[in-house]
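Data first, discussion second: the structure below is written as structure tokens.
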Number of protein chains: 2
Amino acid sequence: MPRMVAERTDVLPALGECFREHGFEGASLALIGAATGLGKGSLYHFFPGGKAEMAAAVLAEIDGWFEREVFAPLKDSEPPDAGIAAMFEATETYFRSGRRVCLVGCFALGDVRDRFAEAVRSYFQRWIDALRLALQRAGASPDEALRRAVDVVGGIQGAIVLSRALDDPGVFSGMLARMRRDLTEMKPSS
Amino acid sequence: MPRMVAERTDVLPALGECFREHGFEGASLALIGAATGLGKGSLYHFFPGGKAEMAAAVLAEIDGWFEREVFAPLKDSEPPDAGIAAMFEATETYFRSGRRVCLVGCFALGDVRDRFAEAVRSYFQRWIDALRLALQRAGASPDEALRRAVDVVGGIQGAIVLSRALDDPGVFSGMLARMRRDLTEMKPSS
DNA sequence: GCCCATGTGTACCAATCGGTACATAGTTTT
DNA sequence: AAAACTATGTACCGATTGGTACACATGGGC
């Protein structure tokens with residue numbers, strides 16, 4: 001039996017997938033152990049705070065990924081349309097055309113929302129802000145940029161719900177493509 | 001101690017609220033008992049199939065409510081805009097400006113989706129179909145009506161997620177108002 | 001009065017829950 | 001090589017889980 005030495009960051013992806021599939025309450029330590037390949041000993045060694053700390057660590061990792069791959073490009077890319085395009089592509093890939101659930105969105109719907117309220121709020125607020133800034137840089141007025149940013153960030157969450165409900169990834173991709181088109185057609189029309 | 005005789009349909013609202021707040025796995029029999037005021041004896045008398053049957057009954061009640069209050073008006077109201085207006089008003093009220101979660105949408109995100117797949121699929125499919133027909137009757141082309149119906153039904157789900165995440169009912173109401181305006185402005189523009 | 005349907009509360013069940021304690025094994029450090 | 005630290009497996013804990021069994025209480029029909 002080879003000894004498999006792990007690090008905290010190594011297990012975060014499997015941990016996240018487990019929470020995504022089963023939710024916070026549904027992800028029992030047995031399921032988490034099976035998903036990560038780690039026993040309770042290791043789990044509580046890495047996360048002394050138990051499930052709550054595991055979930056917080058996963059949220060932080062997701063947050064960092066989006067900050068790096070989505071929010072920052074939205075704020076910095078020149079021209080701004082490049083950042084917007086990158087956002088839609090990253091989103092399509094990350095959520096696997098709606099087959100993969102948004103853990104932050106799931107937490108927002110459940111009663112765990114209160115426990116991770118700040119992380120959940122910050123994630124969506126910063127996404128909206130980043131997109132809003134990109135749209136303003138692309139020529140939209142401040143309040144039009146805000147409205148469109150809210151609609152798109154919300155629309156992505158709805159696309160996940162709907163495509164999973166209908167069991168049709170095409171619904172997700174279709175909705176995203178339409179939102180993307182609406183955003184890029186913004187300049188000529190407005 | 002007065003004897004309180006209940007009926008199966010009487011407990012469905014409280015049952016639904018309990019599932020909404022805690023999810024399927026999170027709603028323990030203890031919580032369900034507290035929410036309904038019923039002991040296990042009564043609960044298993046009304047729902048011999050246990051939690052699964054309770055959830056199925058709640059889904060059926062929700063389905064019936066939407067069929068009656070939303071889908072049917074969408075299909076029958078004359079002019080069609082009246083049905084669409086009724087849909088937005090019923091939705092705003094039912095979801096309490098995003099403070100109340102959509103149980104069907106929640107189930108779609110979790111691993112319970114497979115267990116109630118047909119109920120979940122049918123609910124959203126019929127909502128989309130009803131709205132699509134109303135839009136066609138209002139003059140939209142078949143494929144434009146379908147696209148808009150998908151975007152609106154999905155958008156409502158996203159509005160719930162986002163407004164709960166940001167803890168701001170105004171986000172829900174704002175998104176719905178914008179979708180409604182887009183739909184009613186459809187005729188003059190298109 | 002009695003009987004039987006329908007509800008209801010309670011005791012109980014095995015299984016699982018999240019979490020703790022601790023001995024041990026492997027790896028670094030000294 | 002000894003010591004110290006990190007990682008891991010296992011045994012165990014009380015509490016809670018969904019579910020069952022059953023006694024009993026209430027009601028209407030006769």
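To find a chain, count down the sequence lines: A is the first, B the second, and so on, and within it residues start at 1.
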Counting the atoms with a prime plus P, OP1 and OP2 as sugar-phosphate, which does A:Y44 contact under 4.0 Å by heavy atoms, base, sugar-phosphate, or nothing?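 If one applies the 4.0 Å heavy-atom cut-off, A:Y44 turns out to touch a base.
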Looking at every strand, decide which applies to A:A27 at a 4.0 Å heavy-atom threshold: base, sugar-phosphate, or nothing.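 Contact class for A:A27: sugar-phosphate only.
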> Partner of D:dA3 by Watson-Crick or G-U wobble geometry, both contacts under 3.5 Å, or none?
Replying inline: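 Here D:dA3 is engaged in a pair, and the nucleotide opposite it is C:dT28.
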- Could you let me know what D:dA11 is paired to, Watson-Crick or G-U wobble, both distances under 3.5 Å, or none if it's on its own?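 Paired with D:dA11, as far as the under-3.5 Å criterion goes, is C:dT20.
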May I have the distance from [X] (atom [atom1]) to [N] (atom [atom2]), rounded to whole angstrom?
| X | N | atom1 | atom2 | result |
| --- | --- | --- | --- | --- |
| A:E7 | D:dA7 | CD | C1' | 12 Å |
| A:L29 | C:dC17 | CG | P | 8 Å |
| B:L43 | D:dA21 | CG | P | 17 Å |
| A:F46 | D:dC5 | CZ | P | 18 Å |
| A:L38 | D:dA7 | CG | C1' | 9 Å |
| B:I32 | D:dT16 | CD1 | C1' | 14 Å |
| B:L31 | D:dG19 | CG | P | 15 Å |
| B:H45 | D:dT26 | NE2 | C1' | 13 Å |

For the pair A:Y123 and A:W127, name the ring-plane relationship: parallel under 30°, tilted 30 to 60°, perpendicular over 60°.
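Perpendicular: the ring planes of A:Y123 and A:W127 meet at over 60°.
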- Query: Angle class for the B:F66/B:F95 ring planes (parallel below 30°, perpendicular above 60°, tilted otherwise)?
  - Reply: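 Ring orientation, 0 to 90° scale: tilted.
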* Asked: Do the numbers put A:R8 on top of the ring of A:F47, so that NZ or CZ is under 6.0 Å from the six-membered ring centre and no more than 45° off the axis?
  ->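 Not satisfied by the 6.0 Å and 45° rule.
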Q.
Using heavy-atom distances to pick each residue's nearest nucleotide on DNA chain C, tell me which of A:G41 and A:S28 is more 5'.
A.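 Taking each residue's closest nucleotide, the earlier one in sequence belongs to A:S28.
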query = In terms of side-chain heavy atoms of B:K40, which of D:dG19, C:dG7, D:dT6 is nearest?
reply =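 Looking only at heavy atoms from C-beta outward on B:K40, the closest nucleotide is D:dG19.
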Proximity to the side chain of A:K51 - top-ranked nucleotide from D:dG18, C:dG18, C:dT8 =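 In terms of side-chain proximity for A:K51, the closest of D:dG18, C:dG18, C:dT8 is C:dG18.
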Notebook entry, point to check: Shared ILVMFWY cluster between A:F172 and B:L146, side chains joined below 4.5 angstrom?
Noted result: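 Linked within one cluster.
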Exercise. Can C:dA5 be described as syn, meaning its chi torsion is within 90° of 0, or is it anti?
Worked result: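 You should classify C:dA5 as syn.
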Check your understanding: Okay, side chain of A:S122, backbone of A:E118: is any donor-acceptor separation there less than 3.5 Å?
Key ->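 Between the backbone of A:E118 and the side chain of A:S122 there is no qualifying donor-acceptor contact (under 3.5 Å).
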#### Entry: D:dA7 phosphate, OP1 or OP2, under 4.0 Å from A:S42 side-chain N/O
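No.
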